[in-house]
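Remarks on the structure that follows.
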Amino acid sequence: MTNDDFPTDRPAVVTCGLPYANGDLHIGHLRGYIGADAFARALETLGQQTVYVSGSDMHGTPVAVNAEEQGVDPAEFALEWHRQYEETFPKFNVEFDNYGHTHDETNTELTRDIVRTLDENGYVYEDEVVVAYDPTADDYLPDRYVEGTCPYCGAKARGDECDEGCQRHLEPGEIENPTSVRTGNPAEYRERTHKFFRVSEFADYLTEFLDDLEGTSNARNQPRQWIEEGLQDWCLTRDMDWGIDYPGEEDEEIVLYVWVDAPIEYISSTKQYSERVGAEEYDWEDVWRGDGEIVHVIGRDIIQHHTVFWPAMLEAAEYNAPRGVAATGFITINGKGLSTSRNRAIWAKEYLEEGFHPDLLRYYLTTTGGLQQDVDFSWDAFQEKVNGELVGTVGNFWYRSLLFAYRNYEGTPETDVSADVQERIEGAIGEVRESVNDYSLRGVGQAAVRLAQFGNEYIQRNEPWKLTDEDPEAAAQVIRDCVQIAKAVAVLLEPITPDKSQALWEQIGEDGEIADTHLEAALETPPQTFAEPGELFAKIEDDRVDELTEKLEERVEAATDDDADEDQAKTESDDTPSDESETMTDADTDDLEPLLEERIGFEEFQDLDIRVGRIETAEGIDGADDLARLEVDIGFETRQVVAGIKQLHDLEKLPGEKCILLANMEPAELFGVESNGMILAAGEQADLLTTHDDAAIGEKIR
Ligand SMILES: [Zn+2]
């Protein structure tokens, strides 16, 4: 791989994170598949030879757990979902050049081959490890079969990942307070022999790899921190029978960890494509073993797998490294976290059933925020964006200019495009090229929409309808320019709205597929005659939005009620001490405030003088229901602060406790007591922040 600007003369492959074959798709999933599809299309319009591949992730405990619950064979269960995904993607114009699955022969063979190479090259060793075991079920509990507490951040963690907390990958045996998903009983830890990959030897390699890595900044910054904290070797095997057998150990009850064979599907799927079209046209080995351009589009919850384990594995097995990793943010719904258990989601099926064109969602999801930002979906915001930008700007310009051209000239007037307009289009092409190289789909969309905006202003300013009699030549010039702009907008927008762009392409009488053209087509002369155009976008009415919003709210409410009933039943049936920890950690992300999109610099953080303190005294303030007066030792001096914790804490027990104090907060007076700082706390119960090790009183938080 290189860091030369796209397009390069080497073949490229774009992938998106594999969907787990175990449930319905929603717009949180679609964001990644659509984003990767649009990026692959955008690379192609630049003239880069590109294929877009992925496949269903058939293995792993999420699939095994769900299949077991339904009493079906995991292979059958996963295949069923795989087929559904294959049918669903094209409905969103997500068109893979190859879509395989991790359980097929290509991937099984290639995975075993790569693992054999890792072993032969000396990167695999055996070690004893403690794994969770359920004595009642008499079975080991790999990954999702066990739940507990993350040892790094204390959040509720499921098996191999801290998906509600710090997002770290968790090795077997790391999870604290383990309970069995099978029986709900506490799990034991038992010693077993497993295979390990020497990731720790790749710290220097990965540091250099990250320095060159393109994509989004989150995909570089998070792993840098993990490397600094020290890399652990990675357990390659699991005690279960659903998965790919470790080569040479087919008789043992262990299989490869799902995260070994899942990313290898990127290669396998490319290989299948290559075998289908022939190596002359596209050679997978040029890409993966030579110097092709590899770009992964993933969700930000799987950054570690793609920027630590995966590149280390590729390097160890003598494969090419990815050039770019673009990690997308999450989707929130009406400002709250998407939650499938609460049914707070927009399902892929539902969107289509409502009759909306896929290109509208594609446009919304790719241009509402930058790739790595969280994007909030509400039907209101969807309507506003569609009506404002696609209907009001692009659709309006397309329709009015083509209709005028048809009525007065039966097509494109016979003259050259004016120099100004030519230049304006060239500028937009440049913006698109730059945006693709910045991994900014929003930039691509904005360049196209701004060009349409320019077109609207151009036609408005020149008023060709007044010129047809007075100055027919001038009128023809304006319309000639507008038809060119209309065509250019379609070409630039094609990666995001492929269907609508194709429709415009046909309206102006062009043959073939707009998807097969490059950006330069934006400047090529359109055909001279075309038929009467129709409108390509329709306004979304307010009533419709009200109805959809209400539907969503009712659904979330109903699901929340069900949830409450279930929780209630649970508490009644097993009234054990473990309940407390369950309620405490069971917070679904949907109740959390969305993350702020705006980032701050390190200097701004440095402006906050946050110190480790020790509470000396704590007493309630007379007349105030909630407020307490605290004296906090921060090393240099003792500060008096007022905190809203009177009802939430046993004040007598606080003296002696360490706390965290924002020391340069402006003083304030509350109930006649001066507050000279702010104690940091989180949650409804004002859980006080503290440190857990040797930080001295007065130490600055940095
Ligand atoms: Zn964590």
Side-chain angles (χ1 to χ4, degrees), residues 17 20 28 60-62 65 129-132 141-181 186-187 189 199-200 206 218-235 238 257-259 298-310 327-330 332 337-341 372 374 578 580-596 660 680-685 687-693 695 701-702:
Y20 268 134
T61 48
V65 168
V129 61
V130 288
V131 299
L141 302 167
D143 306 325
R144 293 279 177 102
Y145 280 109
V146 61
E147 288 183 351
T149 313
C150 171
Y152 298 99
C153 72
K156 180 183 176 177
R158 292 199 293 177
D160 52 344
E161 61 176 325
C162 179
D163 56 352
E164 288 178 14
C166 63
Q167 310 284 343
R168 272 190 182 77
H169 162 80
L170 301 176
E171 282 287 284
E174 277 199 298
I175 209 161
E176 290 170 356
N177 314 315
T179 55
S180 166
V181 168
Y189 275 131
V199 177
S200 57
L206 291 170
N218 53 354
R220 292 184 292 275
N221 297 338
Q222 273 196 21
R224 279 191 182 120
Q225 194 192 329
W226 291 321
I227 292 168
E228 223 166 84
E229 289 168 4
L231 291 177
Q232 286 185 55
D233 289 340
W234 192 46
C235 185
R238 293 294 187 268
Y257 178 41
V258 61
W259 274 106
I298 58 169
R300 71 155 186 250
D301 52 335
I302 50 175
I303 287 176
Q304 193 169 9
H305 305 90
H306 286 82
T307 57
V308 177
F309 304 140
W310 177 233
T328 64
F330 295 147
T332 54
L338 191 152
S339 165
T340 51
S341 64
Q372 63 174 305
D374 288 350
S578 72
E580 192 189 356
S581 65
E582 243 189 319
T583 2
M584 203 170 72
T585 50
D586 215 2
D588 220 326
T589 45
D590 47 74
D591 294 317
L592 300 177
E593 268 177 50
L595 290 170
L596 293 179
I660 305 297
L680 303 189
E684 302 254 318
Q685 302 298 312
D687 194 354
L688 297 179
L689 269 60
T690 183
T691 61
H692 299 281
D693 219 325
I701 311 292
R702 55 182 87 241

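Only this structure's heavy atoms are used, side chains among them; waters, hydrogens and symmetry mates stay out. Start at 1 and go down the list; that is how both ligands and their atoms are numbered. No experiment lies behind these values; they were computed from the predicted model shown.
- Between W259 and H306, the angle of the ring planes goes over 60°, which puts this pair in the perpendicular group of the 30/60° scheme.
- Between D374 and T332, the side chains place no donor N or O within less than 3.5 Å of an acceptor N or O (distance only, hydrogens not considered).
- Atoms CD and OG, from Q232 and S200 in turn, are 9.5 Å apart once rounded to the nearest 0.5 Å.
- Taken to the nearest 0.5 Å, the CD atom of E147 stands 12.0 Å off from the CG atom of N177.
- A side-chain contact (heavy atoms from CB on, under 4.5 Å) with V131 is found for one member of C235, P172, P142 and no other, namely P172.
- Remark: E229 CD is packed, more than 12 non-hydrogen atoms of other residues, nucleotides or ligands lying under 6.0 Å away.
- The Zn ion (ligand 1) has C150 SG, C153 SG, C162 SG, C166 SG as its protein N, O or S neighbours under 2.8 Å.
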